A.B. asks: 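Below: one structure in structure tokens.
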Amino acid sequence: MSDCGCKMEARNKQERKTLLTVLTINRLMFFIEFGFGFLAQSIGLIADSLDMFADASVYAISLYAIGRSVSLKTKAAFISGITQIALALTALADVMRRFIWGSEPISGLIIGIGLLALIANVTCLLLISKHRQRDVNMRALWIFSKNDVIANLSVIVSGGIVALTGSRYPDFVIGFMIAVLVSCGGFQILREARTLSVVNNERKQRTQSIFS
């Protein structure tokens, strides 16, 4: 009673500010990576841009969940995981399309945009890491950002290999790996959300049994 919930409200306000910041960063980087991905004919950049789009969607959902009940936060996490998996499948479909029809990835653009995306995602990771132990949604966002950093490093490496070998296949491989990484992150979030849902239901049942 002493703080009248002020401490919790301050925490929620801080989370909202963090989420708005990373939402803006990811939204901007989606357009940059997607556009330059087509210019560079790079499935790696395009797959990474779809990951940015998924993250932006998840951040928007998480903004809605701040300060709400555990059940609503769990539902938001489920939506986040499903979004990740759906966009991973989209990236995999584009890998197959470009493998069949061909492409000529431009290594300089891949490396340059990959570095820019890396800076953006490291910034997001540092911002979110302060809140990742609070609830399942903030933990999910931390997983997204961690995977994004790994994906960015992979894109940069693939651009270097394309430059050295002149082969388009490193870009295909990295695009495929990013899609798989995004999908694995989505399934991990679904597992955590399911666990939280079970724990929350058990807590409710214990509470009901006490008062029944």
Side-chain angles (χ1 to χ4, degrees), residues 22-59 80-129 140-191:
V22 296
L23 172 61
T24 301
I25 291 172
N26 277 266
R27 185 182 295 167
L28 178 62
M29 284 307 306
F30 161 69
F31 288 110
I32 292 174
E33 274 199 293
F34 193 79
F36 278 100
F38 269 101
L39 288 176
Q41 298 186 45
S42 169
I43 183 57
L45 284 178
I46 291 173
D48 203 36
S49 74
L50 291 175
D51 188 24
M52 290 283 192
F53 179 81
D55 289 352
S57 301
V58 169
Y59 296 144
S80 299
I82 291 170
T83 300
Q84 288 284 84
I85 294 168
L87 287 172
L89 292 175
T90 301
L92 287 171
D94 198 40
V95 170
M96 295 302 298
R97 182 182 69 83
R98 288 177 182 271
F99 181 80
I100 294 171
W101 295 103
S103 64
E104 296 181 6
I106 302 171
S107 59
L109 278 178
I110 295 173
I111 295 171
I113 300 302
L115 284 169
L116 180 61
L118 177 62
I119 293 170
N121 280 316
V122 168
T123 300
C124 292
L125 184 64
L126 292 174
L127 288 170
I128 294 169
S129 63
L141 301 185
W142 185 79
I143 292 170
F144 291 161
S145 295
K146 181 186 68 173
N147 288 345
D148 289 345
V149 170
I150 297 171
N152 296 148
L153 290 170
S154 301
V155 168
I156 294 167
V157 170
S158 74
I161 297 175
V162 169
L164 289 173
T165 65
S167 172
R168 62 186 177 134
Y169 292 107
D171 185 56
F172 289 156
V173 172
I174 293 302
F176 177 81
M177 290 175 63
I178 290 173
V180 171
L181 181 67
V182 172
S183 178
C184 288
F187 281 113
Q188 183 178 351
I189 289 160
L190 289 179
R191 285 195 298 271

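If you read the sequence from its start, that first residue is 1, and numbering goes on from there. Quick caveat, the model's predicted, so the values are computed rather than measured.
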A.B. asks: Using the side chain to side chain contact (heavy atoms under 4.5 Å, CB included) criterion, which residues pair with Leu127? Sequence neighbours excluded.
C.D. replies: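 Testing Leu127 for side chain to side chain contact (heavy atoms under 4.5 Å, CB included), a comparison that skips the adjacent residues, returns Thr18, Thr21, Val22, Thr123.
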A.B. asks: Taking distance alone, no hydrogens or angles, what donor-acceptor pairs closer than 3.5 Å link side-chain atoms of residues 43-54 to residues at least two apart or in another chain?
C.D. replies:
residue : atom : partner : partner atom : Å
Asp48   : OD2  : Asn152  : ND2          : 2.5
Ser49   : OG   : Ile46   : O            : 2.6

A.B. asks: Among residues two or more places apart or on two chains, list those pairs meeting side chain to side chain donor-acceptor pair (under 3.5 Å) that have a residue in residues 33-43.
C.D. replies: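 Qualifying pairs, neighbours excluded: Ser42-Asp171.
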A.B. asks: Among residues at least two apart in sequence or on other chains, which ones pass side chain to side chain contact (heavy atoms under 4.5 Å, CB included) with Val180?
C.D. replies: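 With neighbours one apart ignored, the set is Phe176, Cys184.
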A.B. asks: Over all heavy atoms of both residues, which pair between Leu190 and Ile85 is shortest? Give the atoms and the distance, please.
C.D. replies: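 Where Leu190 meets Ile85 most closely, the heavy atoms are CD1-CD1, 3.7 Å.
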A.B. asks: Closest approach of Asn26 and Cys124, non-hydrogen atoms and distance?
C.D. replies: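 Asn26 and Cys124 have their closest heavy atoms at ND2-SG, 3.5 Å.
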A.B. asks: Going from CE on Met177 to CD1 on Ile150, what distance comes out if it is rounded to the nearest 0.5 angstrom?
C.D. replies: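 It comes to 9.5 Å.
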A.B. asks: Quick one: side chain to side chain donor-acceptor pair (under 3.5 Å) partners of Arg27, sequence neighbours excluded?
C.D. replies: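 Checked Arg27 against side chain to side chain donor-acceptor pair (under 3.5 Å); zero matches.
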A.B. asks: Could I get the full list of side chain to side chain donor-acceptor pair (under 3.5 Å) partners for Ser158, not counting sequence neighbours?
C.D. replies: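 Counting only residues at least two positions away or on another chain, Ser158 forms no side chain to side chain donor-acceptor pair (under 3.5 Å).
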A.B. asks: Could you list the residues that satisfy ring pair (Phe, Tyr, Trp, His ring centres under 6.0 Å) with Phe34, not counting sequence neighbours?
C.D. replies: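 With neighbours one apart ignored, the set is Phe30, Phe38.
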A.B. asks: Test of understanding: with side chain to side chain contact (heavy atoms under 4.5 Å, CB included), list the residues that count as partners of Ile106, not counting sequence neighbours.
C.D. replies: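 With sequence neighbours excluded, Ile106 shows a side chain to side chain contact (heavy atoms under 4.5 Å, CB included) to Ala40, Leu109, given in chain and number order.
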A.B. asks: Are Leu125 and Lys146 side-chain neighbours, meaning at least one heavy-atom pair lies under 4.5 Å?
C.D. replies: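 Leu125 vs Lys146: side chains touch.
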A.B. asks: Could you list all the ring pair (Phe, Tyr, Trp, His ring centres under 6.0 Å) pairs where at least one residue sits in residues 145-172, not counting sequence neighbours?
C.D. replies: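 Qualifying pairs, neighbours excluded: Phe99-Phe172, Tyr169-Phe172.
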A.B. asks: Are the side chains of Ile161 and Ile174 in contact, using a 4.5 Å heavy-atom criterion?
C.D. replies: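 Side-chain contact under 4.5 Å: no.
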A.B. asks: To the closest 0.5 Å, what do you measure between CG (Leu116) and CG (Asn121)?
C.D. replies: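 Here the rounded value is 10.0 Å.
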A.B. asks: Measure the spacing between CG of Leu115 and CG of Leu153 and express it to the nearest 0.5 Å.
C.D. replies: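 These two atoms lie 9.0 Å from each other.
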A.B. asks: Can you run down the side chain to side chain donor-acceptor pair (under 3.5 Å) pairs that involve residues 107-120, sequence neighbours left out, and say none if there aren't any?
C.D. replies: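 Every candidate side chain to side chain donor-acceptor pair (under 3.5 Å) pair involving residues 107-120 fails, so no pair, neighbours aside, qualifies.
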A.B. asks: If you compare all heavy atoms of Leu23 against all heavy atoms of Ala56, which two are closest, and at what distance to 0.1 Å?
C.D. replies: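 The pair with the smallest heavy-atom distance is CD1-O, 3.1 Å.
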A.B. asks: Taking only residues two or more places apart in sequence or in another chain, which ones pass side chain to side chain contact (heavy atoms under 4.5 Å, CB included) with Val122?
C.D. replies: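 Once residues adjacent in sequence are excluded, the partners of Val122 under the side chain to side chain contact (heavy atoms under 4.5 Å, CB included) criterion are Leu118, Leu126, Val149.
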